[in-house]
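Reviewing the structure listed below.
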Amino acid sequence: MEAGAKVGSTVYIAGAGPVGRCAAAGARLIGASCIIVADTNTARLDLVKNNGCEVVDLTKDTPVADQIEAILGKREVDCGVDCVGLEAHGNGPEANTEHSEAVINTLLQVVRAGGAMGVPGIYTNADPKASTDLTKKGQLPVDFGKAWIKSPKLTAGQAPIMHYNRDLMMAILWDRMPYLSAMLNTEIIALEQAPEAYKTFSEGSPKKFVIDPHGSVKKAA
Ligand SMILES: NC(=O)c1ccc[n+]([C@@H]2O[C@H](COP(=O)([O-])OP(=O)(O)OC[C@H]3O[C@@H](n4cnc5c(N)ncnc54)[C@H](O)[C@@H]3O)[C@@H](O)[C@H]2O)c1
């Protein structure tokens, strides 16, 4: 929604983690046409591909716009969503190297003039462990010339969850998102399983873990 997706929109989602997969599920609920999800993580890409999305594999040497063109017949989409943030990696030979500016610049490249970008991925005003002096200060080498020329709408920041909470809950309860649980690949775990689950998640697992500390989900099921 924040990236301006509507019925028929073409959407590029950077990141196939839980946030990117939620964005893909949300785009589908809204009625987006072609939903393209990009990542370097092939297990996560397989998961979204098996759930009705197109994929851009950033480990390939082929530039993102070329991969989009191979899917869509066009090098640009209507909307872009950054579900990665400042831990972004580059693509091709740079796929294992952090480039915090990578997703923002990719979105500026692949979102059409007058399109829209949503940025739930987190950026901060200080990142002491970042790889360059600029990014340590939370600053990014952004292609502002392209931003000026294409003038996309940009929404960033904390997700306005309370704004959407009730409507999404109703959509789920009335089975309007039957693909959601397969897309998210959720596993309900007990509190004591959390350390192992965090480890698995940070290694790039395609699962989303939900901690059920009192066993209430299990009891309700
Ligand atoms: N705005 C909010 O309210 C809010 C809420 C929750 C999470 N977040 C943020 O959203 C972001 C994603 O969260 P997550 O839990 O899905 O994270 P995650 O780390 O599980 O997933 C991010 C994915 O992005 C991939 N990636 C790296 N570089 C990429 C690139 N250049 N292009 C495309 N994909 C790339 C990674 O391989 C990874 O699979 C994080 O920054 C998180 O902090 C924001």
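Counting starts at 1 for both ligands and their atoms, in listed order.
- Side-chain heavy-atom separations under 4.5 angstrom define the hydrophobic clusters, and M162 shares its cluster with no other residue.
- Contact check on K150 versus E76 returns a salt bridge, with a Lys/Arg side-chain nitrogen under 4.0 Å from an Asp/Glu carboxylate oxygen.
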Intermediate values then yes/no, side chain to side chain contact (heavy atoms under 4.5 Å, CB included), L168 and L29: CA-CA 10 Å; L168 283 172; L29 178 69; 3.9 Å; yes
What donor-acceptor contacts under 3.5 angstrom involve side-chain atoms of residues 34-41, with partners at least two apart or in another chain?
unit_1	atom_1	unit_2	atom_2	d
D39	OD1	N41	N	2.9
D39	OD2	A16	N	2.8
N41	OD1	A43	N	3.1
N41	OD1	R44	N	3.0
N41	ND2	G204	O	2.7

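- Under the rule for a side-chain contact (heavy atoms from CB on, under 4.5 Å), the partners of A194 that lie at least two apart in sequence or sit in another chain are Y198, I211.
- Protein residues lining ligand 1, listed by chain and number: A14, G15, G17, P18, V19, A38, D39, T40, R44, L58, C83, V84, A88, H89, V103, P120, G121, I122, G157, Q158, A159, F201 [non-hydrogen atoms, distance under 4.0 Å].
- Salt-bridge annotation for D212 and K218: absent, with no side-chain N of the basic residue lying under 4.0 Å from a carboxylate O of the acidic one.
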